[in-house]
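Below is one structure, written out as structure tokens, with a few remarks after it.
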Amino acid sequence: MELNKRQKMIIEITKESGPITGEQIAEKLNVTRATLRPDLAILTMSGFLDARPRVGYYYTGKTQSQLLTDKVKKMTVSAYESIPVVVQESSSAYDAICAMFLEDVGTLFVVNKDSVLTGALSRKDLLRASLGNQDLSTIPVSVIMSRMPNITLCHSDDLVIDVAKLLIERQIDGLPVVKETGKGLEVIGRITKTNITRAFVELAEGEFE
Ligand code: ADP
């Protein structure tokens, strides 16, 4: 985030004289309080300054990289997850391929009759199954999927940064977002490398949010 000259001057003033009112900052800079309003709004929203009612503005002492870290630590899976694409474990490998194309996803999550998560299926799992001269319409996905309890998963309130670390460590493309039900884990979302890439772009563009 690039601060303009006046914003930098405001930071210097609050460092030296804070807490200081908007009126007093305006006086020091020889401008009206109204002129200053957008700059003060940007500086408080982005975390450089804090404002206390009837006290004034003060410098938080946070560097740009600390502010970015604060923001990353507030990004939870719930804000970035997508709708999950699930298949029944009795579905055939052929049906799974069709689902991947129709739903435009690279990973399918596999559930049993009670809609409980039992596995994950990637593109390479399907490619591997197609290497032999087998009829893909007769192979159930339960035979070729990765299965519980070895599925890496996450919850809606987990941090995006922790999911990103798991994707790297485990060398996988996505995780199911799950919720505990009486019967087991229900798949309520998915978070993939694409979601993380989107989060990364938003982080850079939504500078003042
Ligand atoms: P691809 O195989 O298309 O490159 P991945 O890298 O995601 O896709 O998958 C690699 C392997 O990891 C596959 O065998 C897949 O079944 C498995 N896998 C995919 N997602 C998960 C997950 N969330 N937890 C555990 N294993 C997974």
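In listed order, ligands and their atoms are each counted from 1.
- Residues Lys73 and Asp70 are not paired through a salt bridge, judged by the lack of any N-O separation under 4.0 Å between the basic side chain and the carboxylate.
- For a threshold of 3.5 Å applied to N or O pairs, the pair formed by Arg128 and ligand 1 contains no separation below that value.
- When hydrogens are left out, the protein atom nearest atom 15 (C) of ligand 1 is Asp125 OD2, 3.3 Å; that is the closest non-hydrogen contact.
- The two residues Glu23 and Arg33 come nearest to each other via the heavy atoms N-CD, 3.6 Å.
- Of the possible donor and acceptor atoms, none in the side chain of Ser137 sits under 3.5 Å from a partner among the backbone N and O of Tyr94.
- One hydrophobic cluster, built from ILVMFWY side chains closer than 4.5 Å, cannot hold both Ile161 and Phe200; they sit in different ones.
- With a heavy-atom cut-off of 4.0 Å, Met145 does not touch ligand 1 at all.
- For a threshold of 3.5 Å applied to N or O pairs, the pair formed by Gly174 and ligand 1 contains at least one separation below that value.
- For the side-chain contact (heavy atoms from CB on, under 4.5 Å) test with Thr152, the passing option among Leu175, Val163, Leu167 is Leu175; the others fail.
- When Leu166, Asp173, Asn150 are ranked by how near their heavy atoms come to atom 25 (C) of ligand 1, first place goes to Asn150.
- Side-chain atoms of Leu159 and Val77, non-hydrogen and from C-beta on, never get closer than 4.5 Å to each other.
- Of the protein's heavy atoms, Ile172 CG2, 3.8 Å lies nearest to atom 19 (C) of ligand 1.
- Counting only non-hydrogen atoms, the option in Cys154, Gly119, Ser122 that gets closest to atom 11 (C) of ligand 1 is Ser122.
- Glu89 and Asn112 share no side-chain donor-acceptor pair at under 3.5 Å.
- Counting only heavy atoms of the protein, atom 24 (N) of ligand 1 lies nearest to Thr152 N, 2.8 Å.
- In terms of polar-atom proximity, Ser146 is counted as a contact of ligand 1, with an N or O under 3.5 Å from an N or O of the ligand.
- Criterion: ILVMFWY side-chain heavy atoms under 4.5 Å apart, direct or through other members. Under it, Val86 and Leu121 are not part of a common hydrophobic cluster.
- Shortest contact from atom 6 (O) of ligand 1 to any protein heavy atom: Gln171 O, 3.3 Å.
- By the criterion of a heavy-atom distance under 4.0 Å, neither the backbone nor the side chain of Leu153 is placed next to ligand 1.
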